[in-house]
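Written out below as structure tokens is the structure these notes cover.
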Amino acid sequence: MEFPQHQRPADGKITYPPGVKDITDKISNDEVVKRLKMVVKTFMDMDQDSEDEKQQYMALALHLASEFFLRNPNKDVRLLVACCLADIFRIYAPEAPYTSHDKLKDIFLFITRQLKGLEDTKSPQFNRYFYLLENLAWVKSYNICFELEDCNEIFIQLFKTLFSVINNSHNQKVQMHMLDLMSSIITEGDGVTQELLDTILINLIPAHKNLNKQAYDLAKVLLKRTVQTIETCIANFFNQVLVLGRSSVSDLSEHVFDLIQELFAIDPLLLLSVMPQLEFKLKSNDGEERLAVVRLLAKLFGARDSELASHNRPLWQCFLGRFNDIHVPVRLECVKFASHCLMNHPDLAKDLTEFLKVRSHDPEEAIRHDVIVTIINAGKKDLNLVNDQLLGFVRERTLDKRWRVRKEAMMGLAQLYKKYCLHHEAGKESAQKISWIKDKLLHIYYQNSIDDKLLVEKIFAQYMVPHSLDTEEKMKCLYYLYACLDPNAIKALNEMWKCQNMLRSLVRELLDLHKLPVSEANSTAMLGKLMTIAKNLPDQGKAQDFMKKFNQVLGEDEKLRAQLEQLISPTCSCKQAEVCVREITRKLTFPKQPTNPFLEMVKFLLERIAPVHIDSEAISALVKLLNKSIEGTADDDDEGVTRDGAIRYGLELLKVLSFTHPTSFHSAETYESLLQCLKMEDDKVAEAAIQIFRNTGHKIETEMPHIRSTLIPILHQKAKRGTPHQAKQAVHCIHAIFHNKEVQLAQIFEPLSRSLNADVPEQLITPLVSLGHISMLAPDQFASPMKSIVANFIVKDLLMNDRCVGNKNGKLWTSDEEVSPEVLAKVQAIKLLVRWLLGMKNNQSKSANSTLRLLSAMLVSEGDLTEQKKISKSDMSPPLPSVMGLAGSAIMKLAQEPCYHDIITPEQFQLCGLVINDECYQVRQNFSMKLHLALVKLTLPLEYMAVFALCAKDPVKERRAHARQCLLKNISVRREFIKQNPTAAEKLLSLLPEYVVPYMIHLLAHDPDFTKPQDSEQLRDIKECLWFMLEVLMTKSENNSHAFLRKMVESMKQTKDAQAPDDPKANEKLYIVCDVALFVIVNKSTSCHLESPKDPVLPTKFFTAPDKDFVNDKEYLSSEARTVLLTGKPKPAVLGAVNKPLAVAGRRPYTRAPSSGTGPIASVNSETSSPAGNKGRDVVMEVSETGASENEENPLILNTEEIKKEVNAEAGQGGVKKRAMEVPGYENDGASDSSVPVPNKPRRGRPPKSLSAGAGAVSAAEKEGAAGPGRGRKRAAPQLRTIPAAPQWSQSPSRYQNSRRTRRARGRGRKDRWTCRGKEKMDTETQTIRGLCAAVSKPHCCRNTAPPSDCRALLVPMRTAYEGKISELPLTNPPPRPTSPIPLWPPYSSAAQNRGTSPILSQDNTRVYIT
């Protein structure tokens, strides 16, 4: 554009508007201002069409641009001149009167400087400043500057000025004119320079944004208005910084991510070309850079109205990939983002679920924790935002190995439950969606950690049944909660109340000790109480110290003791409990400290013992709810509970509370309601009501005679004609609450004893139950009458006579309804015999001997005493323990009384133990459970723990797993009891777990299956049973226990079998079992050869006293037998399901489909190293019939068939290896061995193995109780198996990698030694020998080139047996050790392994507890 050359008039004069004199520097500023105002008015009134006036005032326009005006120090003068110049540009547009570029630059910079006056809206001149801005914006005067070379300087100064002056006092018009002025420069120019762009973008940076919010808003609107023009410039800027890395192009380079976030919030179109650049940055090698990009994109994707994920799917998928980033902070940031994404974009939940699933198993605790927080926060906002799968991740994390994660998961679920189930904030549908939470939270009470238990109690008190509610609301909540819980949750809740009540009793006993005089015995007793209390608090070590301190404070502060006594008083109300807790904590608060761990520990104790839910008022409220349910006026249906269910569970709840809070039931209203329940038709309801009376009715006879008079006839009626359970509870109730119980019991006993009639068995069951319990509770009064009843009726008339023929339904287990009344009567008769003897507690009349002989005969005859075959096998297996199982349980029950234990013969003990191998699954299950419960209470003698060794033969791996857990529990209980009780040292023979070995060896020597002492199959069975017990005992070598075991077994060989001391065959079998035990101990332990600290004592009941003249140093195991024992016994997994739920009653063992020629897949579930140099493992491998024995450490597997498939699944602590292999001659599961003769007489305990060898699997019909040919464990015939020449590496750190031999082999390269990598060339025989030595764990053997002669001799019997095929097998070198991540606990499954994209991110951190 060429600026026109305007000339002054020829006369050189300046024409001023009328009335305006010359404006020169000769006049004062005030006069200048006065005259300029008139000039301004003149120019304001002029328009562009006034050509004459434009020409007339041309000289004036040029004069106003002189230095006098542009540099005038008076701001009013400058303002008026600026207004004039703006009007001049308007009037003379599009041809400005100024020709010089420099002059134009000076003019526009001058005008820009005057715009700063816009800042003060209260200034008298603000309207003129506004006029100036309006005029410039309307005319777009600054567009003239486009032709100037340094126009950018003017624009930058203008933009800076406008952004600096804008403030919250400006109205909308000011902002609009500023926007018009700046947007015209951007849109009509050739482009936006980087400096000008920086001037705009700097207002978006958080620091500037916070300083001037109006400037931020102005920049935001400006960018929105000019998005089409400025987008290219923005893209170029980010391309320079992000892709090319040229951070010097702008001072804002370090704020690129903040700018991207702000620009995206303003208009996503501004970043249309920038987003692909972010995908490039997401794949950067710099972890910090990836973290910054992830943080940015998390905000962009998670923004409320963001559609970036749907519009840019590649970037979204790339971002999701960062959930598996190797950099921990990146994964953590991704997880945190998920919370906002779920809340703002529910449609993306499906994409996030799979990645959150992987991260919920992340090795990093913080990430797993934040996954929980993410899901819970979204769920608390709206439950529909989280799907069932996401809630399932939270559910899994309640079993996390880290307390912080478990706590967050549990608290999160509790908050969801309270919001949606308790307060019903989202309706019934949402409440139903998370109805499982209440059960899951209570299930956690089964875990061993005291922290978990305390948190469950806290959750129950604050979220499930909030103690802050009114009593009626609180009890209504509890009433319907209890009715909706599953059976396991109910047991957990009952256990919680039981533990709290036990802790209250301990504190009460401690306070009672404070009332006694100070003495050493008193101090010792106090210490014992304090130690027990500390076990019920977190961090037992600190808890002991703090409880000692608390006990000291109690001794010094009498008022504190009084408050604590009131707190644990049975009559303490919930409100009083809150006051007591508050007072006790207030007294212990001084001196005040920021953190007071002592006070926190005391609070834990107070929270556990304070009755915050149950008191007399609460029980009354529960009873009222029960009455409403009975009357049909309750809201049962609205709460999702049927009327009958509400009544039944309500009474069950009251029954449980009657154990823990009996005093709270002492009210006439409560007892009258219970009397109404006694008259209901529901048998369970009446039974529960009787039990409540039994637990709480101690004062009924003295304080409530009207209740007594009504109750007595009902109890008599229930004892005579009620159900068996009602009869039992009625008899116990009478015995517990009435003073004249002898009279009351006699009134029941006499008519029942006279009415016994064996011809009507269905009417015998209840009388037999009542008579049995009466004779047990009042033996002095009824022992003699019962003797005649037992002799004349129970034994002769009932047990020894079969009046009807059983139903031959072919099942091993049937329901109660299918069992004949006669068998049910016989079951109760056996129980009556036991109860009668337990009541007498003496054997003066020799009745116990007769009863034991009777029970033994039942075991031998399999329940059919008459041997008339009238009772079917199913009749002997009702849902109560079967007749055989009941006989075994009866012997075990009698053995708990010392007077009867002494007269139980070894033969009777062996018959009792064989019940654990019964062919019926339910019999084995019930018997083992009763055995465990009696042993764990220390009421059953130690010898009965040996029975668990027979569980190694159980065909169901869950049963074997359960038996092992029972052993672990019993052994730990006994060892803990010995530590806690100094007097127990005198009874080590009956308490020390190692002393079970003599009983076990004697029991196995008399095993009916052990008929051929040198039979390899039977020897393998004996070794399995021995190792099943020894593995648990040898887990820890405390005080040289391995040496003690060895010495004890050696001592047994110097004695004889006390059961048959003169029978050489019996003694030989005993010595063979001893040799097998020694063989196992020596091969599994490296410390067994040390000196034993104690001399073992053998039970004289089973072993004769050692004869000084008798020295037994004979080796009873042949070299062939030792070789067979080395090869291991193939069998299914024993401990593969340790952490799985056990099968329910009524289920039969799982059956594999019949196969021919091909064995099942062998797998190793888990393995851990024992202290004895990997010789023993806590968890034994699960293998197939053709795999290695689970009880073998380094088994030799011989097979001429080629291994077809090998699958290694890596785990955190041990590999899971599966092998599928063909086995020649593998027996068909369904085949029967016709060559085995059928025994003429039924065997004792379990069927012969010969009958079950071909049918070890259990069919589907047998699962439901049907009889089948195969109920014993399948025994595979000896097969040819491959001998590994060298130990193989597993995919995870294994016992081979950690063995001393392997460590040495890895670290040395000597040519004269054999190494695991097999670099030396050796002959086939040498290779085979060394493989054999490696398999049997001979760490110092076969290092030299020539194997020792004893190793070569070991091959002789094997060559003979397998026809030299061993030497034909090649030596296979082990594969290189794979790289694996740091192992986490516990191992994750192969399914979990396939979840993640990277091994380090795909490990499962679920913590598994064993109750």
Side-chain angles (χ1 to χ4, degrees), residues 524-525 527-529 531-532 535 841 891-904 906 909 912-913 916 928-951 963-1004 1026 1028-1052 1055 1058 1077 1081 1088 1092-1103 1105 1171 1176:
T524 304
L527 182 61
K529 299 296 179 187
M531 295 299 101
T532 308
K535 288 181 182 178
K841 288 185 173 59
I891 294 176
M892 188 166 58
K893 193 78 173 177
L894 293 175
Q896 298 178 44
E897 288 294 334
C899 61
Y900 301 136
H901 168 251
D902 296 337
I903 64 173
I904 296 177
F909 163 69
C912 174
I916 209 166
S928 63
M929 185 59 69
K930 290 183 178 181
L931 177 64
H932 168 64
L933 292 176
L935 284 169
V936 84
K937 293 177 183 177
L938 301 181
T939 58
L940 196 61
L942 178 64
E943 63 197 69
Y944 285 84
M945 193 163 69
V947 175
F948 277 121
L950 296 174
C951 289
R964 187 176 189 276
Q965 291 306 311
C966 290
L967 276 176
L968 286 168
K969 178 68 174 177
N970 277 288
I971 290 173
S972 64
V973 165
R974 289 176 179 273
R975 286 178 174 162
E976 185 66 24
F977 182 82
I978 293 173
K979 291 179 182 178
Q980 297 294 333
N981 296 273
T983 58
E986 303 172 358
K987 303 177 181 178
L988 285 182
L989 186 59
S990 60
L991 290 174
L992 192 66
E994 281 74 12
Y995 272 118
V996 75
V997 173
Y999 302 112
M1000 172 181 62
I1001 289 178
H1002 190 275
L1003 178 64
L1004 293 176
L1026 287 168
F1028 191 81
M1029 177 73 70
L1030 289 173
E1031 182 188 24
V1032 182
L1033 289 173
M1034 296 171 64
T1035 300
K1036 294 181 180 180
S1037 180
E1038 298 180 354
N1039 300 322
N1040 289 337
S1041 61
H1042 294 184
F1044 179 75
L1045 290 174
R1046 177 190 56 79
K1047 189 172 184 179
M1048 183 158 44
V1049 177
E1050 290 175 347
S1051 300
M1052 283 182 244
T1055 66
I1081 293 171
C1088 64
S1092 175
K1094 293 184 179 181
D1095 291 328
V1097 179
L1098 300 180
T1100 57
K1101 190 174 182 179
F1102 295 88
F1103 300 91

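Note that the structure is a prediction, hence the values are computed from the model and not measured.
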Under the rule for side chain to side chain contact (heavy atoms under 4.5 Å, CB included), what residues qualify as partners of Leu933, not counting sequence neighbours? Met929

Taking side chain to side chain contact (heavy atoms under 4.5 Å, CB included) as the definition, give me every residue that meets it alongside Ser990, ordered by chain and number, with sequence neighbours left out. Lys987

Expected list for residues 1043-1051: side-chain donor-acceptor pairs under 3.5 angstrom, two or more places apart:
unit_1, atom_1, unit_2, atom_2, d
Arg1046, NE, Cys1088, O, 2.4
Arg1046, NH1, Glu1050, OE1, 3.0
Arg1046, NH1, Glu1050, OE2, 3.1
Arg1046, NH2, Cys1088, O, 3.4
Arg1046, NH2, Leu1090, O, 3.3
Lys1047, NZ, Asp1095, OD1, 2.5
Ser1051, OG, Lys1047, O, 2.8

NE2/His901 to OG1/Thr939 distance, rounded to the nearest 0.5 angstrom? 12.0 Å

Note, Leu1003 side chain near Glu943 side chain (heavy atom, < 4.5 Å): no

Determine yes or no for a side-chain-to-main-chain donor-acceptor pair under 3.5 angstrom, with His1042 supplying the side chain and Ile1081 the backbone. no

Atom of Ile916, atom of Ser928 and distance for their closest heavy-atom approach: CD1-CB, 4.0 Å

Residues two or more places apart in sequence or in another chain: which of them pass ring pair (Phe, Tyr, Trp, His ring centres under 6.0 Å) with Phe909? Tyr944, Phe1102

Which pair of non-hydrogen atoms, one from Val996 and one from Ala946, has the smallest distance, and what is that distance? CG2-N, 3.4 Å

A quick test of your reading: do over 12 heavy atoms of other residues, nucleotides or ligands sit less than 6.0 Å from NZ of Lys969? no

Nearest 0.5 Å, what's the CD1-CG distance between Ile978 and Leu992? 5.0 Å

Rounded to the nearest 0.5 Å, what's the gap from CG on Leu1026 to CE on Met1000? Could you check? 5.0 Å

What pair of heavy atoms forms the shortest contact from Asp902 to Lys1101, and how long is it? O-NZ, 4.0 Å

Between Cys951 and Phe1028, the two heavy atoms sitting closest are CB-CE2, 4.1 Å

Under the 3.5 angstrom rule, does the side chain of Lys930 hit a backbone N or O of Lys893 as a donor-acceptor pair? no

Can you tell me how far apart NE2 (His932) and CZ (Phe948) are? Round to the nearest 0.5 Å. 7.0 Å

CD (Glu897) and CD1 (Ile904) are apart, to the nearest 0.5 Å, by 10.5 Å

Residues at least two apart in sequence or cross-chain that pass side chain to side chain contact (heavy atoms under 4.5 Å, CB included) with Val1097, listed by chain then number, are Leu989, Tyr995

Met1052 side chain reached by Val997 side chain, heavy atoms, under 4.5 Å: yes

Is any side-chain heavy atom of Leu1033 closer than 4.5 Å to a side-chain heavy atom of Ser1041? no

Note: Glu994-Arg975 ion pair, threshold 4.0 Å (strictly below): yes

What's the shortest heavy-atom distance between Leu1098 and Pro998, and which atoms? CD2-CG, 4.0 Å

Taking all atoms of both residues into account, what is the closest heavy-atom pair of Ala1077 and Ile1001, and its distance? CB-CD1, 4.0 Å

What's the separation between atom CG in Leu938 and atom CZ in Arg974, rounded to the nearest 0.5 Å? 5.5 Å

Taking side chain to side chain contact (heavy atoms under 4.5 Å, CB included) as the test, write out the residues that go with Lys529, two or more places apart. Leu506, Glu509, Leu510, Leu513

